[in-house]
Amino acid sequence: MFAWVDLPMEAPRQGLAVPTSAVQRHDTETFVFVEESANQFRRSTVVTGIETSEYVEVVDGLVADHSIVEQGAFYLKSELLLEQDTD
């Protein structure tokens, strides 16, 4: 059997990627939690790009030196939503 395949190739590029578990979604928003100080976190809305099963590219909303929450991000999201419900 013979097959002819054309694969489009792009030049390599650098980007910012975070683990999939760090990215949270609610309604139409996508966000991560950034560590401000010990036990203090803030929600940061991000724009995502290419996604794999392990990593998500962050196109906007995050800089490389931010420390983000990977494990426990879903818990923080749940707490955030509970606070919004009580308001």
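This one's a predicted model, so the numbers in the text were calculated from it and none came from an experiment. These numbers come from the heavy atoms of this one structure, side chains and all, not from hydrogens, waters or symmetry mates.
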Specify whether Phe31 and Phe33 have parallel, tilted or perpendicular ring planes, treating 30° as the upper limit for parallel and 60° as the lower limit for perpendicular.
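It falls in the perpendicular class, over 60°.
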
Going through the checks in order, is the side chain to side chain contact (heavy atoms under 4.5 Å, CB included) test met by Val23 and Arg25?
CA-CA 7 Å; Val23 178; Arg25 292 180 169 87; 3.8 Å; yes

Are Val34 and Val56 joined in one hydrophobic group, where the rule is that I, L, V, M, F, W and Y side chains link up if heavy atoms are under 4.5 Å apart?
yes

Any link between Val32 and Leu76 through a network of hydrophobic side chains (Ile, Leu, Val, Met, Phe, Trp, Tyr) touching at under 4.5 Å?
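No: no chain of side-chain contacts under 4.5 Å links Val32 to Leu76.
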
When you measure from the side chain of Thr45 to the backbone of Gly61, do you find a donor-acceptor pair of N or O atoms at a distance under 3.5 Å?
no

Could you tell me whether a side-chain N or O of Gln24 sits under 3.5 Å from a main-chain N or O of Ser21, the two making a donor and an acceptor?
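At least one qualifying donor-acceptor pair exists.
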
Looking only at heavy atoms, which two atoms of [X] and [Y] are closest? And how far apart?
X: Ser53; Y: Thr20; value: O-OG1, 3.3 Å
X: Ala22; Y: Ile68; value: CB-CD1, 3.7 Å
X: Leu16; Y: Ala64; value: CD1-CA, 4.0 Å
X: Ala17; Y: Tyr55; value: CB-CB, 4.3 Å

Taking atom CG of Asn39 as the centre, does the number of heavy atoms from other residues, nucleotides or ligands within less than 6.0 Å exceed 12?
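For Asn39, atom CG is not crowded (no more than 12 foreign heavy atoms under 6.0 Å).
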
Intermediate values then yes/no, side chain to side chain contact (heavy atoms under 4.5 Å, CB included), His26 and Arg43
CA-CA 12 Å; His26 181 69; Arg43 180 185 163 279; over 6 Å; no

